[in-house]
Amino acid sequence: MRIAIGSDHAGLDLKIEVISVVKALGYEVHDHGTNAAQSVDYPDFGEKVSDAVSKGDADRGILICGTGIGMSIVANKFSNIRAALCNELFSAKMSRLHNDANILVLGGRIIGKDLAKEIVQTWMTTPFEGGRHSNRLEKIRLIEGRMIANAPTGRRKP
Ligand code: RB5
């Protein structure tokens, strides 16, 4: 499985930890930056990862900013993206079981690296439950389709 990973400056330290966890689990990592400590804008890195997952260039993504909020807002603008901000384990597990989340978002200024490692391990290895939850995801796809169809030209999702 190919995992696209990105952060802003506030998520960089945690991103480095997360990359080693994901590699240790045997997955292929595509690092979309940032890779320097200077201040950057989270939408630039959120876009790269979300675009890769949305287009199928990566199977799943992980995004990290200070709180995880900005990256979540960015990622959920993209078609086919179900991004879940999970700064604790229960949400990480449920976001896979019920929501089939394909992007995990973490707050680098909120959680420590040990908790982040457990969250990533849980999120990467928990399957989607399917069943009634598939119907709900289908409703989300229909909403997305209506939004794209109704959006004014030039303001459509990629
Ligand atoms: C950067 O200071 C911070 O605003 C960003 O990392 C993130 O928390 C935004 O939601």
Side-chain angles (χ1 to χ4, degrees), residues 1-25 27-126 136-137 140-141 143-144 147-148 151-152 154-158:
M1 215 195 282
R2 302 154 303 164
I3 314 299
I5 301 186
S7 76
D8 68 357
H9 54 289
L12 177 56
D13 289 348
L14 192 57
K15 187 188 73 158
I16 293 164
E17 300 290 338
V18 164
I19 285 176
S20 40
V21 177
V22 173
K23 282 185 177 167
L25 288 168
Y27 301 110
E28 182 182 315
V29 168
H30 300 181
D31 183 359
H32 290 268
T34 188
N35 286 306
Q38 71 251 37
S39 183
V40 291
D41 298 329
Y42 63 83
D44 297 334
F45 299 89
E47 180 176 11
K48 288 177 200 208
V49 168
S50 306
D51 195 46
V53 178
S54 179
K55 288 179 174 157
D57 295 337
D59 300 293
R60 289 205 215 157
I62 300 177
L63 284 168
I64 311 168
C65 62
T67 57
I69 295 169
M71 287 296 200
S72 304
I73 292 170
V74 171
N76 282 310
K77 301 284 181 204
F78 284 74
S79 296
N80 309 316
I81 294 301
R82 294 173 302 281
L85 172 55
C86 303
N87 284 324
E88 33 73 34
L89 278 166
F90 184 73
S91 296
K93 188 174 161 193
M94 297 311 287
S95 78
R96 290 290 313 133
L97 286 173
H98 287 193
N99 312 111
D100 198 17
N102 53 9
I103 293 189
L104 169 68
V105 189
L106 301 169
R109 289 176 175 159
I110 295 180
I111 53 171
K113 67 178 182 192
D114 289 343
L115 176 57
K117 277 183 191 174
E118 281 196 52
I119 289 172
V120 169
Q121 276 166 353
T122 299
W123 190 78
M124 288 302 313
T125 56
T126 302
R136 293 161 186 170
L137 295 194
I140 295 174
R141 274 188 277 276
I143 290 169
E144 201 170 82
M147 286 177 65
I148 292 167
R155 294 198 61 199
R156 299 202 174 157
K157 286 182 163 198

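Order of listing sets the numbers, starting from 1, for every ligand and every atom in it. Residues: numbered from 1 along the sequence shown.
- For ligand 1, the atoms closer than 4.0 angstrom to any heavy atom of Ala10 are 6 (O).
- The main-chain N or O of Ser72 is found under 3.5 Å from a side-chain atom of Asn76 such that the two form a donor-acceptor pair.
- Residues satisfying the side-chain contact (heavy atoms from CB on, under 4.5 Å) criterion with Ile69, sequence neighbours excluded, are Thr67, Ile73, Leu85.
- At a 4.0 Å heavy-atom cut-off, ligand 1 touches Arg109 through the side chain alone.
- By the side-chain contact (heavy atoms from CB on, under 4.5 Å) test, His9 is found to be paired with Ser39, Val40, Arg109, residues two or more places apart in sequence or in another chain being considered.
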Audit row: Lys23, Glu28, side chain to side chain contact (heavy atoms under 4.5 Å, CB included) steps and yes/no: CA-CA 6 Å; Lys23 282 185 177 167; Glu28 182 182 315; over 6 Å; no

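- If you look at Cys65 next to ligand 1, the close heavy atoms, those under 4.0 Å, come from the backbone and the side chain alike.
- Within a 4.0 Å radius of atom 6 (O) of ligand 1, the protein contributes one or more non-hydrogen atoms.
- Given atom 8 (O) of ligand 1, the protein heavy atom at minimum distance is Thr67 N, 3.0 Å.
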Stepwise salt bridge (charged side-chain N to carboxylate O under 4.0 Å, His left out) test for Arg2 and Asp57: CA-CA 8 Å; Arg2 302 154 303 164; Asp57 295 337; 5.6 Å; no

Salt bridge (charged side-chain N to carboxylate O under 4.0 Å, His left out) assessment of Lys55 paired with Asp51: CA-CA 6 Å; Lys55 288 179 174 157; Asp51 195 46; 3.0 Å; yes

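- At under 3.5 Å, a nitrogen or oxygen of Gly66, whether backbone or side chain, sits near a nitrogen or oxygen of ligand 1.
- For ligand 1, the polar-atom distance check finds an N/O of Gly70 within less than 3.5 Å of one of the ligand's N/O atoms.
- Regarding atom 9 (C) of ligand 1, its nearest protein heavy-atom neighbour is Tyr42 CE2, 3.5 Å.
- The closest donor-acceptor contact from the side chain of Arg60 to the backbone of Asn102 lies at 3.5 Å or more, if one exists at all.
- The proximity of Asp8 to ligand 1, defined as any non-hydrogen pair under 4.0 Å, is limited to the side chain.
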